Amino acid sequence: GPHLNVLREAMGVMQHHDAVTGTEKQHVANDYSRMLHRAIEACGANTQIVLNQIVDPVQKKSYAKKQHHGVKRDFTFEFDTCHLLNISKCEMSETKDNFMVTLYNPLAHSGYQYVRLPVSGSKYVVKDYRGIETPSQMVPIPDSVQSLNYRFSNASYEIVFLANELPPLGFKSYYVSRVIESVDDFSKDSNPSVRVQADQPQPTGWH
Amino acid sequence: SEEVTIGNKYLNISFDSNGFLSSIVANGISSRLRQTFVYYEAALGDNKEFTNRSSGAYIFRPNGTEKFVAESVQLRVVKGNVVQEVHQVFNEWISQVVRVYADENHVEFEWLVGDIPIEDGIGKEVVSRCYSAAQSNGVFYTDSNGREMIKRTRNHRDTWDLHLEESIAGNYYPVTAKIALEDENLRLAVLTDRAQGGSSLEDGAVELMVHRRLLHDDAFGVEEALDERAFGKGLVARGKHYVVFGSKKTSNPTLQAKERFLQNQVLLPTWIFLSDTSKFKYEDWQ
């Protein structure tokens with residue numbers, strides 16, 4: 001409630017024609033951005049709380065099972081959002097060798113999404129919850145994006161994969177892990193995307 | 001120097017030897033499809049009378065016709081089994097990625113515009129323009145807040161005899177989600193990821209204004225030029241256009257249906273969350 005109200009209030013202010021069209025003074029435009037960012041962050045945190053509330057019972061059940069087998073593990077996840085994916089920047093995917101990508105489909109019918117995440121490695125494996133490897137591809141980030149003067153990111157490639165069969169109003173997670181082959185695997189290969197074996201299965205037909 | 005082609009099982013697009021998109025084979029038809037960027041120089045006036053209005057936050061008023069930004073474009077081609085892309089560099093402040101995902105039936109244009117140069121003291125309004133072979137007869141369609149499509153006719157108004165003072169701005173309309181044109185065979189639709197101004201100033205061509213940098217207030221508002229900056233430089237904007245193109249006769253489902261599904265997917269995308277799983281093996285995570 002309280003988190004969503006912050007966003008509701010911000011969106012209330014954004015109904016003003018200035019906010020919609022950009023006819024306000026620059027410092028007012030900056031303040032609108034500040035309000036929206038703060039509100040979205042609050043909801044982001046809220047989403048993480050909501051996600052944990054949803055995912056936790058599932059985890060607790062599996063945790064209980066693991067407990068039974070004597071495995072002591074803490075299975076709570078923090079769910080972060082990356083607001084700068086549009087300029088190919090994301091702290092989590094660039095710095096972690098293993099990370100989980102969870103997608104929420106807001107539509108009332110099953111959907112799919114091509115996921116693009118900036119990374120530092122040169123080869124990754126993407127698996128879904130069934131252990132099935134999802135074809136992925138390494139794509140270079142355009143030089144004009146890499147040179148944006150406030151991007152502050154070292155990633156020069158993105159990993160791209162198709163997340164499909166996303167349940168209506170539901171979640172689906174993928175486990176992404178970096179494959180460390182040799183020490184200088186990245187510098188040696190100027191275009192890691194050629195590493196992707198062509199024989200990997202093509203995605204399914206028209207959705 | 002030679003032609004470049006990227007695509008998937010539904011469509012293929014080709015780039016000519018100057019690096020510009022030049023043709024498309026999609027939805028049962030092969031046709032000319034060209035895309036480039038142009039910009040309008042902003043009109044500059046003392047805003048005293050109507051004829052002396054400056055282009056500003058409330059007004060789009062170009063001074064003369066468009067300027068083309070490049071005669072040739074540098075290309076970098078990336079091909080793989082998930083996505084095929086062409087990275088284009090038009091000049092120091094305009095670049096774009098044209099991509100076709102393996103399982104999509106549209107072309108994605110990810111444009112990057114800015115820091116728009118103003119050393120010449122002239123404001124600039126940057127437009128992405130698509131040309132096709134459709135004989136659209138001055139008619140095009142723009143959406144109404146993402147819902148119905150409204151028919152527009154160049155240099156015409158339904159309810160009065162129009163005498164246009166501004167031949168370009170007078171034909172610009174608000175585009176919240178989609179602009180389209182067609183003839184009895186072809187249909188071209190461009191979907192946007194945000195509201196933009198758009199028009200069709202010649203048959204078969206549609207254009208959308210992606211960024212603007214103006215140096216003079218238009219005296220209708222807060223007495224401030226629309227010259228947004230970040231870190232002391234002109235703002236850099238990045239966004240996407242999605243092009244659905246094909247034959248109206250052979251496409252099934254219809255192109256409009258494909259556009260509606262795509263619009264839903266573009267404007268209500270999935271939310272992506274990331275979690276650190278460095279501490280777990282896959283089996284634990286599973």
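The structure presented is a predicted model; accordingly, all values stated were derived computationally and were not measured. Throughout, a chain's letter reflects where its sequence line sits, starting with A, and its residues are numbered from 1.
By the 4.5 Å heavy-atom criterion applied to side chains, B:Arg238 and A:Val145 are counted as neighbours. Residues B:Glu110 and A:Pro142 have side chains not in contact (no heavy-atom distance under 4.5 Å, counting atoms from C-beta outward). No side-chain heavy atom of A:Lys127 sits less than 4.5 Å from a side-chain heavy atom of B:Trp285. Within the 4.5 Å cutoff, the side chain of A:Val101 has heavy atoms near those of the B:Leu274 side chain. Counting only heavy atoms from C-beta outward, the side chains of A:Asn98 and B:Tyr282 never approach each other to under 4.5 Å. Between B:Phe273 and A:Thr81, the closest side-chain pair of non-hydrogen atoms falls below 4.5 Å. Side-chain contact check for A:Val139 versus B:Arg99: every heavy-atom pair is 4.5 Å or farther apart. Between B:Tyr58 and A:Thr23, some side-chain heavy-atom pair lies under the 4.5 Å cut-off.
Between A:Arg116 and B:Glu85 there is a salt bridge, since a side-chain N of the basic residue sits under 4.0 Å from a carboxylate O of the acidic one.
In this structure, chain B has heavy atoms under 4.5 Å from both the backbone and the side chain of A:Leu103. Heavy atoms closer than 4.5 Å to chain A are found in the side chain of B:Val97, but not in its backbone. The contact between B:Lys233 and chain A is made entirely by side chain atoms (from C-beta outward), counting heavy-atom distances below 4.5 Å. For A:Leu169, no part lies near chain B; criterion is any non-hydrogen pair under 4.5 Å.
Residues satisfying the side-chain hydrogen bond (donor to acceptor under 3.5 Å, both in side chains) criterion with A:Ser93, sequence neighbours excluded, are absent altogether.
Under a 3.5 Å cut-off, the side chain of B:Tyr101 and the backbone N or O of A:Gln113 do not form any donor-acceptor pair.
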Inset, instruction - Could you check B:Thr277 against A:Tyr175 for side-chain contact (heavy atoms from CB on, under 4.5 Å), going step by step and ending with a plain yes or no? - result: CA-CA 8 Å; B:Thr277 54; A:Tyr175 185 91; 3.7 Å; yes
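Scanning residues 209-224 of chain B against chain A with a 4.5 Å non-hydrogen threshold yields B:Val222, B:Glu223, B:Glu224, sorted by number.
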